[in-house]
Amino acid sequence: MTELLKISLPDGSVREMEPGSTPGDVAAAIGPGLAKAALAARVNGEVRDINRPFECDSELALITTKDEEEALELARHDYAHVLAEAVQALYPGTQITFGPATDDGFYYDVMAPPSREPFGMDDLPAIEEKMREIIKADKPLKREVWSREQLIEKWQADGETFKAEWAKELPEDEELTVYWSGDDWLDMCRGPHLASTGKLDPQAFKLMRTAGAYWRGDQKNAQLTRIYGTGWLNKKQLNAHLHRLEEAAKRDHRKLGREMDLFHLQEEAHGSVFWHPKGYRIWRELEAYMRRKMDAGGYREIKTPQLMDVRQWEQSGHWGKYAENMFAVPDIVPDVDDGGEAEASPKVASDADWMAIKPMNCPAHVLVFKQGITSYRDLPIRLGEMGCCHRNEPHGALHGLMRVRQFTQDDAHIFCTENQVVEEVRKFCALADSVYRDFGFTYHVKLALRPEKRFGSEADWDKAEQELRDAVEEAGMANDEYGWEELPGEGAFYAPKLEWHLTDAIGRTWQVGTIQGDRVLPDRLDATYVGEDGEKHRPVMLHRAIFGSYERFIGILIEHYAGRLPSWLAPVQAVVATIVSDADEYANDAVAKLEAAGIRVESDLRNEKINYKVREHSLAKVPHLLVVGKREAEEGTVAVRTLGEKEQRVMSLDEAIAMLSEAATPPDLRS
RNA sequence: GCUGCUGUAGCUCAGUGGUAGAGCGCACCCUUGGUAAGGGUGAGGCCGAGAGUUCAAUUCUCUCCAGCAGCACCA
């Protein structure tokens, strides 16, 4: 008789099981309730199918819907398979490729048969219906180990060219598996899966949209149709998710920007923002805030040219790498015809010099650094600029304020000696932390390591990466609390970078801040300082930004606050609204006093009912509404209604001014 | 840039092979009303641009432009 397998459970108990038994058998042995609830198993730390036999003595933890993260991952993966099966059942000849789980659901990339158009939104209801049928049929999902040749043969026989291509590249020595859905459909998959399609809730998923996606993510390859779905464990979760999506749509900065009259975009300058008075007010507050922060941090602000000779960009390496995303202009005086009118399109002489609009500020900052002779005693030198840059982004990438062609960075470059790097980066960590906290963001810090294509020696990269690591360590941020993580291959071509990823009010993340330790550009542009030894040395150049760009940061703030900006950023901080015209004079006096106290205030004396005025200014997200009627005018008071509160508070005008001044004080100026 | 979708009044959107409609907003009038929409009247449109089909195109076809959703890209 063969020996029994010893299966240890999380509670410390050990069960002896026949060879060939499965986690499902263990669950059944414990109780029928658990047998029903068990979705999958963690065997020696690896998530596995509930019906996959044990291979040896094992540690087992059963996964049920209570283990939400794992259960969701499994369910979504299964939904993706069911999606692929449904599409092929409905449209024979459809090729399938890949279908992973995502953060909120799943997708599957497919290629429609040549006989029909790519799948679109209109096809989704039918596919959903078919998916429900497959789920209701409760088809068992069976794992089988296949050889590579078997797989290739199968896919070739089925005309699945993408799958066949993939199978050919699979490693020889790895155990390759397929999963059967019932006995009539299978997909190549590493698994694990639920025991059967019936474990899915047919009411807990929804196909959301279709989109193009390249085979293997490469633009040069065929474009497939990606069918996206969102998938959950039950209908309640699905509905909650759909509700969250609606909430996110409500805070869309493009919508709020229009409603709040902050900015607009139009064709004639697509990708560049027309800031309206109210939007630019936010900008100015942010800029003033950042100036105070940078001044206090030992930065000196400069301003550098928008246009520089293309040769300068060739030397820095940017022209070679990014020319197609740069705007270039011929440096010529336009030809003028006899009538004195400029020709519609000036001719460019073949020997005309080309200028490029700056896509970044770095080279110009090096040129400022290079003026005169710098001693090691002067370092570090921190040069800051509210630098307006242009990049000709791929048109499909443009998105409201988030991705634009003209943007202004809160940019700065720190020139320092080798042994000042860690301390400068640590200081920056502290500065960034104080800024993000002022806006109520939490954040994660990540280190993007050397990419495949890069400039500079391995030794320099080793050093640069380690410096950033050390600095984060010293700042006390190299831990889970700060989501510390290293990202191989994600760095810039000239430097590794630390990245700050903010988490906003509804849990989305945004990468904004960065600092990069660069030894390449100082070298290419020949920046030097005189050391203690009297010799020339290369400074290290730290590129850094905290907001990233004003445009994008304002977009993020609008969505983070859902338009309800804190008083210090609100374009209009208060409105004095009258109930009757007898109060007009008093309202005007109040506005004058508020203005004198530095409050951004408007009056609303219109011949409208107070209900209407309250509604309108609430929708406009004005933080404070000061209502005045006959009573207030006689008593010298105001009825203050704060946005988001239902109660109004009657107080003297002086008290209101004190309160509003307090609320309008920027966070860095509070005592 | 790629795939798909969209483009009609300031905004949100109906609609039609015979050059247009609603709601909100705007203007004017009435109303002076105590905390999220008082009533009336009126103005406002080269139906994204160009070409084609047609007696006739905002409507059908093509090209371009822009926007949206993804993808790819993001110094």
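As a basis for the values below, the full set of heavy atoms in this structure was taken, side chains included, without hydrogen atoms, waters or symmetry mates. Labels below follow one simple rule: chain letters A, B, ... track the order of the sequence lines, proteins then strands, and each chain is numbered from 1.
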Atom pair distance, as rounded to whole Å: [atom1] in [X] and [atom2] in [N]:
| X | N | atom1 | atom2 | answer |
| --- | --- | --- | --- | --- |
| A/H253 | B/C68 | NE2 | C1' | 13 Å |
| A/M402 | B/G67 | CE | P | 16 Å |
| A/L398 | B/C73 | CG | C1' | 12 Å |
| A/D584 | B/G33 | CG | C1' | 14 Å |
| A/D604 | B/U35 | CG | C1' | 13 Å |
| A/R209 | B/G4 | CZ | C1' | 13 Å |
| A/E393 | B/A72 | CD | C1' | 13 Å |
| A/D252 | B/C11 | CG | P | 16 Å |

Shortest side-chain distance from [X], nucleotide among [options]:
| X | options | result |
| --- | --- | --- |
| A/R258 | B/C11, B/G34, B/G70 | B/C11 |
| A/E267 | B/A75, B/A37, B/A66 | B/A66 |
| A/Q223 | B/G33, B/A75, B/U3 | B/U3 |
| A/Y214 | B/A72, B/U32, B/A36 | B/A72 |
| A/E632 | B/G34, B/G38, B/G70 | B/G34 |
| A/K609 | B/G38, B/A75, B/G1 | B/G38 |
| A/A213 | B/A36, B/C71, B/A72 | B/C71 |
| A/I579 | B/G34, B/A36, B/C73 | B/G34 |
| A/Y612 | B/A37, B/A36, B/A72 | B/A37 |
| A/H399 | B/C2, B/A75, B/A69 | B/A69 |

Applying a 3.5 Å limit to both distances, which nucleotide forms a Watson-Crick or G-U wobble pair with [N]?
| N | result |
| --- | --- |
| B/C2 | B/G70 |
| B/U61 | B/A51 |
| B/G34 | none |
| B/A9 | none |
| B/U41 | B/A27 |

Minimum-distance pair of heavy atoms, taken over all atoms of A/Q315 and A/R524: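 Heavy atoms only, the tightest pair is O-NE, 3.0 Å.
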
What's [X] touching, base or sugar-phosphate or nothing? Going by heavy atoms closer than 4.0 Å.
| X | result |
| --- | --- |
| A/G217 | sugar-phosphate |
| A/Q219 | base |
| A/R254 | sugar-phosphate |
| A/A639 | base |
| A/K497 | sugar-phosphate |
| A/Y228 | sugar-phosphate |

Spatial distance of atom CD (A/E314) from atom CG (A/D309) [nearest 0.5 Å]: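 Answer rounded to 0.5 Å: 8.0 Å.
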
Steps toward salt bridge (Lys or Arg N to Asp or Glu O under 4.0 Å) verdict (A/R254, A/D252): CA-CA 5 Å; A/R254 293 165 299 184; A/D252 189 313; 2.6 Å; yes

Short side-chain to backbone donor-acceptor contact, A/T230 and A/D104, under 3.5 Å: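 Between the backbone of A/D104 and the side chain of A/T230 there is a qualifying donor-acceptor contact (under 3.5 Å).
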
Exceeds 12 heavy-atom contacts within 6.0 angstrom, atom CZ of A/R508: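 Buried by this count: over 12 neighbours within 6.0 Å.
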
A/K630 atom NZ: more than 12 heavy-atom contacts under 6.0 Å: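 No, NZ of A/K630 has 12 or fewer neighbouring heavy atoms, counting only those of other groups under 6.0 Å.
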
Ring geometry between A/Y436 and A/F553 (parallel below 30°, tilted from 30 to 60°, perpendicular above 60°):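 Correct class here is tilted.
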
Verify stack between A/Y322 ring and B/A75 base, 5.5 Å, 30 degrees: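 Whether judged by distance or by angle, A/Y322 passes, so it stacks on the base of B/A75.
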
Interatomic distance at C1', B/A9 relative to B/C47, whole Å: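 So the two C1' atoms sit 10 Å from each other.
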
